Amino acid sequence: MASYSAAVLSRCWAHRSFANLCLLLFLVVSQSFPSLVAGDDVTHEDGSLHSSPVCNNKFRLVKVMNWVNGVESPIVVGLSARFGAVLPSDVAEALRFPAVLANPINCCTNSSSQLLDSIALARRGDCTFTAKAEVAESGGAVGLLVINDNEDLYKMVCSENDTSLNITIPTVMIPNSAGNKFADYLNSGKHVEIRLYSPNRPVVDYSAIFLWLMAVLTIICASVWGEFIACERADERYNHLMRKEPSDTGSVNKDDSEKEVFEINAKGAVVFIIVASAFLMLLYFFMSAWFIWLLVVLFCIGGMEGMHVCFVTIMSRILKKGGQKTLHLPVLGEVLVLSVVILPLCAAFAIFWAANQRASFAWIGQDILGICLMITVLQMARIPNIKVASALLCCAFVYDIFWVFLSPLIFKESVMIAVARGDNSGGESIPMLLKIPRFFDPWGGYDMIGFGDILFPGLLVAFSFRYDRSNKKGLLNGYFLWLALGYAFGLFLTYLALFLMDGHGQPALLYLVPCTLGLIVVLSAVRGELKDMWLYEKKPPGSLPPGEA
């Protein structure tokens, strides 16, 4: 086995320059997606949120259960108004009423349809929301569904003149597509029944805790991977399908493996953020279902490779000498048996996930592929010192804030959140995210975090681990433990902000960069090591401790 080279981290990317190009492309794509996004964001176009004693209800999402000729149909999600009755939170307390189209359909004048003991359906426009509700209630309706003119859920508010309202029926806005279906059923003579209720969300999002733990453990695992998880000798060839010629082995040493690592520099960090911004704009203006599928294919290729790398590494460590057996294949020559066995299994896993993206269990496969891919990327990409880390993370910090919070000033909406929602993707989901279902939330949905919010702080955490090992620092007097805790705390602050902002998307790097980069700068300055870490360069192998030599 001594004739194997010690230089290849990912031989499926057969050439080093091509590997670096793929790595850069993945980092650009991963940073083009948002930090944390709520699946139920609500926007409004009403310029006034006038509030008065008769118009001060909280906006609440509403579940619209519906039956067509006695057969239950999928639940529609609506949004309650500032005015009117408050809906029950328990489905058992909600009553079931027939639905009737208002006539005229805008419900701005008395309806010629019989609305008594029914839920009226009216289209948005031509008069105020409160006027529609008053007309529906005067006709005997027990509720009003307002059909919006698009798929968003706009907030129905009162005007400044609505100071003497006496609306006692609930008023709910529903998306255009759902409203059109109800109208078509009623126009064709079908019997439609509606039940309205608004369940409460749990105060603590337990699924977010699992996602938080998943992100933190991914960074810790990737940082210590080469030292404690990968078998050193197997790690040098775990994805190596080609055997070096004997004549090459004399010139191949440990330093060659270092050349296969993509080391980011300060200038490249700035250019990278500019390219990421350009790619985000490309997604914003041109994203479609086929574009999402292109990303899915790239994600499957990268995820498959990441799984291959991780599983061969782990199995090589478990099997030890058994994992070093080889066989001779045409074209490829002598290869590891373990690598040949695991690669098709990883490919089958990635293909199965791609074919079942919309299944309820698809998030498991996406997270496995994503975590393996990020661990592999953090083995290949490195920052050499705090100077480069500052350039990269400060640029990413500004990038995240601009595209989430400031871009609406230019584009009328948050570009990053619009891309994450996939407004133009035909319902296809973006794969560059870790996600987990909200198991304990009656509204369902997913908690998500973008790969970029794990990878970019992860580069700094991984650097702190290498620095500690190189300088023989312990756990408490080193930097790795504190950086890992800083990342965990920064991610907690992100979720707290997401909760306080009513679920609106948050730029996670706004909280993660101060808690990681800020922490290591302050801590190293207090210890008198900032200058060394700022321009740090790895020492020659001979000067390293045994674990790093």
Side-chain angles (χ1 to χ4, degrees), residues 46 50 52-57 59-70 73 75-88 91 93-150 153-198:
D46 302 273
H50 176 69
S52 68
V54 294
C55 189
N56 61 356
N57 292 347
F59 295 111
R60 291 178 62 91
L61 291 175
V62 177
K63 289 197 174 186
V64 183
M65 299 181 68
N66 57 97
W67 293 262
V68 180
N69 289 340
S73 299
I75 291 177
V76 173
V77 176
L79 181 69
S80 65
R82 278 273 196 182
F83 51 86
V86 176
L87 290 166
V91 65
E93 299 175 4
L95 299 179
R96 180 168 163 178
F97 294 99
V100 176
L101 283 176
N103 186 13
I105 191 64
N106 59 16
C107 201
C108 291
T109 58
N110 290 336
S111 176
S112 61
S113 300
Q114 179 58 256
L115 302 180
L116 185 63
D117 292 331
S118 65
I119 294 179
L121 269 76
R123 293 196 180 277
R124 181 183 179 182
D126 302 324
C127 61
T128 63
F129 297 120
T130 53
K132 295 177 188 292
E134 287 177 328
V135 169
E137 185 170 8
S138 67
V142 295
L144 173 65
L145 294 184
V146 179
I147 303 172
N148 197 16
D149 47 18
N150 56 46
L153 297 177
Y154 292 121
K155 296 177 179 178
M156 295 183 289
V157 298
C158 306
S159 67
E160 294 181 1
N161 297 325
D162 293 325
T163 57
S164 59
L165 291 175
N166 189 27
I167 300 173
T168 60
I169 63 171
T171 304
V172 176
M173 177 167 282
I174 59 175
N176 182 262
S177 59
N180 287 339
K181 285 183 179 180
F182 291 156
D184 291 341
Y185 292 144
L186 293 171
N187 286 328
S188 63
K190 295 181 178 179
H191 183 64
V192 178
E193 293 177 295
I194 301 290
R195 175 180 286 169
L196 303 175
Y197 71 107
S198 180

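All of these numbers come straight from a predicted model, not from anything done at the bench.
The side-chain heavy atoms of Glu193 and Val68, taken from C-beta on, include no pair separated by under 4.5 Å. Here the side chains of Ser198 and Lys63 are not in contact, with every heavy-atom distance at 4.5 Å or above. Side-chain atoms of Val157 and Phe129, non-hydrogen and from C-beta on, never get closer than 4.5 Å to each other. Counting heavy atoms from C-beta outward, Trp67 and His191 have side chains that stay 4.5 Å or more apart.
Within the structure, no pair that satisfies the salt bridge (charged side-chain N to carboxylate O under 4.0 Å, His left out) test touches residues 165-191, not counting sequence neighbours. Under the side-chain hydrogen bond (donor to acceptor under 3.5 Å, both in side chains) criterion, no residue pair touches residues 138-147, with sequence neighbours excluded. Within the structure, no pair that satisfies the disulfide bond (SG atoms under 2.5 Å apart) test touches residues 167-197, not counting sequence neighbours.
Of all heavy-atom pairs between Ser118 and Phe97, the closest is CA-CB, 4.5 Å. Taking both residues in full, the closest heavy atoms of Tyr197 and Ala94 are given as CB-CB, 3.9 Å, listed atom of the first, atom of the second, then distance. Closest of all the heavy-atom pairs between Cys107 and Ala136 is SG-N, 4.0 Å. For the residue pair Leu145 and Ile119, the shortest heavy atom distance occurs at CG-CG2, 3.9 Å.
Once rounded to the nearest 0.5 Å, the distance linking CD of Glu134 with SG of Cys108 reads 11.5 Å. Atom CZ of Arg124 sits about 5.0 Å away from atom CE of Met173, to the nearest 0.5 Å. The line from CZ of Arg82 to NZ of Lys155 is 7.5 Å long, rounded to the nearest 0.5 Å. In this structure, Arg195 CZ and Leu87 CG are separated by 12.5 Å, a value rounded to the nearest 0.5 Å.
For the side-chain contact (heavy atoms from CB on, under 4.5 Å) test, residues two or more places apart in sequence or in another chain that qualify with Ala133 are Phe83, Leu144, Ile167, Thr171. Val76 meets the side-chain contact (heavy atoms from CB on, under 4.5 Å) test with Val64, Asn66, Ile174, Pro175, Ala178, Phe182; sequence neighbours excluded. Considering only residues two or more places apart in sequence or on other chains, Asn103 meets the side-chain hydrogen bond (donor to acceptor under 3.5 Å, both in side chains) condition with Ser112. Evaluation of the side-chain contact (heavy atoms from CB on, under 4.5 Å) rule for Ala99 yields Leu121, Leu186, Val192, Ile194 as partners, not counting sequence neighbours. Residues that satisfy the side-chain contact (heavy atoms from CB on, under 4.5 Å) test with Ile105, not counting sequence neighbours, are Leu101, Arg123. For Thr109, there are no side-chain hydrogen bond (donor to acceptor under 3.5 Å, both in side chains) partners, not counting sequence neighbours. For the salt bridge (charged side-chain N to carboxylate O under 4.0 Å, His left out) test, no residue two or more places apart in sequence or in another chain qualifies with Glu137. Remark: Asn57 pairs with no residue by the side-chain hydrogen bond (donor to acceptor under 3.5 Å, both in side chains) rule, at least two apart or across chains.
A donor and an acceptor atom, one from each side chain of Arg60 and Ser80, are nowhere located under 3.5 Å apart.
At distances below 3.5 Å, not a single donor-acceptor pair connects side-chain atoms of Thr130 with backbone N or O atoms of Cys158. A donor-acceptor contact shorter than 3.5 Å links the side chain of Gln114 to the backbone of Leu116. Of the possible donor and acceptor atoms, none in the side chain of Asn106 sits under 3.5 Å from a partner among the backbone N and O of Gly125.
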